[in-house]
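All remarks here apply to the structure that follows.
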Amino acid sequence: MKPQIAELLSAAVASLKAQGTLPADLEPRIQIDNTRDKAHGDLATNLAMMLAKPAGKNPRELAQLLVDALPANTLVEKVEIAGPGFINFYLSDASTASLVKAVLEQKEAYGRNNDGAGRKVQVEFVSANPTGPLHIGHGRGAAVGDCICRLLEASGWDVTREFYYNDAGAQINNLALSVQARCKGLTPDDAGWPEDGYRGDYIVDLANSYMNGDTVESADQSFTGAKDADDLESIRHFAVAYLRREQDLDLKAFAVDFDVYFLESSLYSEGKVEAVVKTLIDNGYTYEDGGALWLRTTDFGDDKDRVMRKKDGGYTYFVPDVAYHFDKWQRGFERVVNEQGADHHSTITRVRAGLQALNASIPQGWPDYVLHQMVTVMRGGEEVKISKRAGSYVTLRDLIDEVGRDATRYFLAARKADSQLTFDIDLARSQSSDNPVYYIQYAHARVCSIFRKLAEAGQSWTLAEGLAALPKLELESEKDLIVKLGRFPEIVKVAANNHEPHSVANYLRDLAGDFHTYYNSEKTLVDDADVRNARLALAEAVRQVISNGLGLLGVSAPQEM
RNA sequence: GCGCCCGUAGCUCAAUUGGAUAGAGCAUCGGCCUUCUAAGCCGAGGGUUGCAGGUUCAAUCCCUGCCGGGUGCGCCA
């Protein structure tokens, strides 16, 4: 509805310019706000206050001129000037009816837009190292990242979900040594236990499986262990494959699917790391010092230069990172979003600096980053820190097993990524209105229930009947509900652009609340057929929007509860 | 010490990118089921938006300085 109102205002501005009331070179950004208070109408604009200064008029006077210059239309019932110079719009019955119609006709497509216009965007998220089960932090990344993908898809982007994992570094070596120690019957308290070895129970399971000669198959590899505790290479391969499979199961339980698993080792084997290093040297952004090769990242805003190649000849982690992101660029992703934990924040400057130093015409702020803060898990009012399986942290799987997939996804996606999150297990498990997930799903199930009751009564409803009866939606509560439905497309658009899925969760909570209130105050299945058909149309529209919204969060929309 | 994030009701969090009287839920208290699912609804109390300045017609939002919490600051990833 906003774009239509903006058009009206734009026409009003044009005619005031033509009259000479406004300077001809003025190109105002027309901003339409949803009103917070119904007393201010349905939509409002601050345009008159913005233009007061350049026009040399007081805001209220200018507001009146703008209102007088608005073209005739059927959208708006009434326009008022209020406060310091706000222009408030009251939507007509015809326009609210058209909103319900739009929802019912567009169905699953309602709320989608075409901002992306089919362009390619890649979202990299989770990207956990294959050294253990996914923890709650990875869960947050998985939930937020996947929801961002869903939002971008709903905005017309061609989305690739990608998982990058480090299968080449020192921690993999550490993993192999830890498994080997377990194969040899050592425990973390024994003398020969590797320094900083992984201590969790899952290492024991892994070692047993290896010594058993099991074959593990994961998303991208299959490997059979050599059953030999002295074959460190075999242990390494087995351990990586085994833990990849574990993570695959975690992600599957969480309903997160990736299109691409990208192996760090491939950057080396395909010469991409060497190629990037050569380019950086050729471009003159490097120097040797103390036996190491440095990249002059300070040329691109870093606070100190960074070592690329260590004294021992190995590369530091950010070199393959740069090679990886250059590869993303070459794959044609105009837009890339990296969702990761805020503790890896320091990589951003380095990766962007490395990309700039390639002189490859990569835009300066590329790629985008979404960083999420820590998650604290609470149960019974106390912080939970340990899981049996992993030993030192709460795993995603534990959480899904305990509170279910829907609640876990909702809770992890419903908060702004950049604030710390407290995950209350008791709340997430509760099957009552305390729990926002059930609250929203219940609203959906209630609508389904109404239609079941309708069928039981031997009555029916068709889209045509519903649309024809829309003028019967005369109550204020009905109109409020419709206006809220009308806001959904904007919620999706803004959430997608800002990479902020939490606003969808908040919107749904709000919409469900409005519906529950309405449901309790007005009976839908009344005797008057026209009123009944109109209310059924509204209920179905609410159901559709809740269903679409939950879909964006990856949460199910049950028919009954 | 430096960088980044956060600070809003007792608790968990919003606030449509600078708009009107800062909103929900939980918790507390009081009401509503012979009527479409009570996994629900209605009502009440609860605030100097960490502090102090600045910009603006207008600041929770932008700027500066403090205070408090988190996190990073390796030739680890």
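Every chain is numbered from 1 and lettered A, B, ... according to where its sequence line falls, protein lines coming before strand lines.
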Using the 3.5 Å cut-off, write out each protein N or O paired with an N or O of nucleotides 31-33 of chain B and the distance between them.
none

Under 3.5 Å between N/O atoms: give me all the protein pairs with nucleotides 54-57 of chain B, atom names plus distance.
residue	atom	partner	partner atom	Å
B/C57	OP1	A/Lys53	NZ	3.0

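When the nucleotides B/C6, B/A39, B/U16 are ranked by their closest atom to the side chain of A/Asp418, B/C6 comes out on top. For A/Arg36, whose side chain is taken as the heavy atoms from C-beta onward, the closest listed nucleotide among B/A15, B/U21, B/U12 is B/A15.
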Completion exercise
Heavy-atom contacts, protein to nucleotides 70-76 of chain B, under 4.0 Å, summarised as B (base), S (sugar-phosphate only) or - (none) per nt, yield SSSSSBS
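Contacts of A/Ser449 with the nucleic acid, taken as non-hydrogen atoms under 4.0 Å apart, include base atoms. Base contact: A/Ala445 has a heavy atom under 4.0 Å from a base atom. In this structure, A/Ala414 reaches neither bases nor backbone, as no heavy-atom distance under 4.0 Å exists between it and the strands shown. Residue A/Leu421 is classed as a sugar-phosphate contact, given heavy-atom separations below 4.0 Å to backbone atoms only. Using a 4.0 Å heavy-atom distance criterion, A/Asp321 is classed as making no nucleic acid contact. When heavy atoms are screened at a 4.0 angstrom cut-off, A/Gln441 is found touching no nucleic acid atom at all. Among the protein residues, A/Asn173 comes within range of no part of the nucleic acid, since none of its heavy atoms lies under 4.0 Å from any strand.
Stacking of A/Arg296 on the aromatic ring of A/Tyr287 is not recorded, the 6.0 Å distance cut-off and the 45° axial limit not both being met.
Residues from residues 516-535 of chain A lying near RNA chain B, meaning a heavy-atom separation below 4.0 Å, are A/His516, A/Thr517, A/Tyr519, A/Asn520, A/Glu522, A/Lys523, A/Thr524, A/Leu525 in numerical order.
A/Asn34 has its CG atom 12 Å from the P atom of B/G19, to the nearest Å. With rounding to whole Å, A/Leu427 atom CG is found 8 Å from B/U12 atom C1'.
Residue whose closest nucleotide on RNA chain B sits further toward the 5' end, between A/Ala39 and A/Thr347: A/Ala39.
The distance from atom CZ of A/Phe125 to atom CG of A/Asn338, rounded to the nearest 0.5 Å, is 11.5 Å.
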Handout entry: Watson-Crick and G-U pairing of RNA chain B written in dot-bracket, each distance under 3.5 angstrom, with | for inter-strand partners
Key = (((((((..((((.....[...)))).(((((.......))))).....(((((..]....))))))))))))....
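Legend: residues meeting side chain to side chain donor-acceptor pair (under 3.5 Å) with A/Arg60, ordered by chain and number and at least two apart, are absent.
An OP1 or OP2 oxygen of B/G19 is reached within less than 4.0 angstrom by no side-chain nitrogen or oxygen of A/Thr35. Between A/His502 and the phosphate of B/A24, there is no side-chain N or O to OP1/OP2 separation shorter than 4.0 Å.
If you take atom C1' in B/A14 and the same atom in B/A9, they sit 13 Å apart, rounded to whole Å.
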